[in-house]
Amino acid sequence: PKAIEHRTTSSKARLIVTDSVNRPKLDEVRDCPPVLTISRRNGETVPAGDQDFDQALAQRSTDFAPVMRTGGDACMMLFTSGTTGLAKGVTVPNKALMAIHMYMRYAVDLRDTDTYWNIADPGWAYGLYFGAIGPLLLGHATTLYDGPFSVDAACHVIEKYRISSLAGAPTAYRLLMAAGADAAPRIRGLLRTVSSAGEPLNPEVIRWFRETLDCPIHDHYGQ
């Protein structure tokens with residue numbers, strides 16, 4: 001609750017959108033902004049004082065007047081991990097969307113024919129920028145998996161949804177490599193390209209993807 005409180009206060013947030021699973025985290029947040037709660041199950045009621053997301057959306061008109069913004073206006077705010085002191089809010093301007101768009105198109109090389117999955121959690125920059133915002137900028141569908149990472153779960157998603165473009169951190173790729181024969185036959189031939197970011201990518205992983213999966217893995221780095 002203290003971490004959420006720090007972020008809502010620092011960002012001057014005027015609304016929180018959450019789901020019923022995460023809603024209890026707000027119970028002890030002082031001066032909590034108004035809350036829109038998404039009900040996941042039929043018949044589920046939202047807490048007293050909250051608005052029901054679906055009901056609130058249904059009551060809104062489909063007509064609206066766009067509000068024009070400049071490239072320097074804020075697009076979003078991300079908070080640092082708080083390595084030294086409290087987490088700091090970093091404002092990202094609208095013009096940064098151009099860089100995200102270019103990265104998705106030319107570095108990740110996301111193509112219209114790809115089925116895309118970024119393993120990274122959208123709670124950190126790589127998952128938010130290049131798992132959610134980037135695909136949307138290209139008008140491209142993205143894949144989201146709600147659950148802890150495991151080799152079996154990753155292989156299941158890649159198999160079931162025929163993932164051809166994969167992005168994530170080297171830790172996940174090292175786990176796939178360590179699984180060896182348990183993973184390779186399930187996903188060999190499905191992946192066209194793989195992007196890696198967030199940590200150093202060791203040469204053994206690069207060789208394993210090339211030789212065992214017949215797929216290049218590209219190392220992305222730098223803010």
Undergrad: Look up atom OG1 in Thr142 and atom CG in Leu110, then write down how far apart they are to the nearest 0.5 Å.
TA: 8.5 Å
Undergrad: Can you give each donor-acceptor pair under 3.5 Å made by side-chain atoms of residues 185-198, sequence neighbours left out, with the distance rounded to 0.1 Å?
TA:
residue	atom	partner	partner atom	Å
Arg186	NE	Glu159	OE1	3.0
Arg186	NH1	Asp152	OD1	2.9
Arg186	NH2	Glu159	OE1	2.9
Arg188	NE	Thr212	O	2.9
Arg192	NE	Asp114	OD1	3.1
Arg192	NH1	Asp109	OD2	3.0
Arg192	NH2	Asp109	O	2.7
Arg192	NH2	Asp114	OD2	2.8
Ser195	OG	His220	NE2	3.3

Undergrad: Does one hydrophobic cluster hold both Leu175 and Leu201, with members joined at side-chain heavy-atom distances below 4.5 Å?
TA: yes
Undergrad: Closest heavy-atom contact between Pro135 and Ala141?
TA: CB-O, 4.4 Å
Undergrad: Distance from Thr113 atom OG1 to His140 atom NE2, nearest 0.5 Å?
TA: 7.0 Å
Undergrad: Regarding Glu5 and Lys25, does a basic nitrogen lie under 4.0 Å from an acidic carboxylate oxygen?
TA: no
Undergrad: Other residues, nucleotides and ligands only: do more than 12 of their heavy atoms fall within 6.0 Å of CG on Asp27?
TA: yes
Undergrad: Are Tyr103 and Trp117 linked, directly or through other ILVMFWY residues, by side chains that come within less than 4.5 angstrom of each other?
TA: no
Undergrad: Enter the distance from Leu78:CG to Arg7:CZ here, rounded to the nearest 0.5 Å.
TA: 10.5 Å
Undergrad: ring-ring contact (aromatic ring centres under 6.0 Å, His included): which pairs involve residues 154-180, sequence neighbours left out?
TA: Tyr173-Phe209
Undergrad: Lys160 side chain to Ile158 main-chain N or O, any donor-acceptor pair under 3.5 Å?
TA: no
Undergrad: Let me check something: do Met104 and Tyr126 share a hydrophobic cluster, defined by ILVMFWY side-chain heavy atoms less than 4.5 Å apart, either directly or through other members?
TA: yes
Undergrad: Hey, does the side chain of Thr143 reach the backbone of Tyr116 with a donor-acceptor pair shorter than 3.5 angstrom?
TA: yes
Undergrad: Answer whether the closest heavy-atom distance between the side chains of Ile16 and Pro33 falls below 4.5 Å.
TA: yes
Undergrad: Salt bridge (Lys or Arg N to Asp or Glu O under 4.0 Å) with Asp19: which residues, sequence neighbours excluded?
TA: Arg40
Undergrad: Applying the 4.5 Å side-chain criterion to the ILVMFWY set and letting contacts propagate, would Phe130 and Ile119 be lumped into a single cluster?
TA: no
Undergrad: Could you walk me through whether Thr18 and Ile38 pass the side chain to side chain contact (heavy atoms under 4.5 Å, CB included) check?
TA: CA-CA 6 Å; Thr18 186; Ile38 300 169; over 6 Å; no
Undergrad: What are the two closest heavy atoms between Thr37 and Pro47, and how far apart are they?
TA: OG1-CD, 4.2 Å
Undergrad: Please determine whether residues Trp124 and Ile133 belong to a single hydrophobic cluster, defined as Ile, Leu, Val, Met, Phe, Trp and Tyr linked transitively by side-chain heavy-atom distances below 4.5 Å.
TA: yes
Undergrad: Between atom NZ of Lys12 and atom CE of Met77, what is the distance when rounded to the nearest 0.5 Å?
TA: 8.0 Å
Undergrad: Does the side chain of Trp208 reach to within under 4.5 Å of the side chain of Ile217, using non-hydrogen atoms?
TA: no
Undergrad: Closest heavy-atom contact between Phe64 and Pro66?
TA: O-CD, 3.7 Å
Undergrad: Parallel under 30°, tilted from 30 to 60°, perpendicular over 60°: which one fits the rings of Phe79 and His6?
TA: perpendicular
Undergrad: Run the side-chain hydrogen bond (donor to acceptor under 3.5 Å, both in side chains) check on Glu199 and Thr171 step by step: do they pass?
TA: CA-CA 8 Å; Glu199 308 160 17; Thr171 296; 2.9 Å; yes
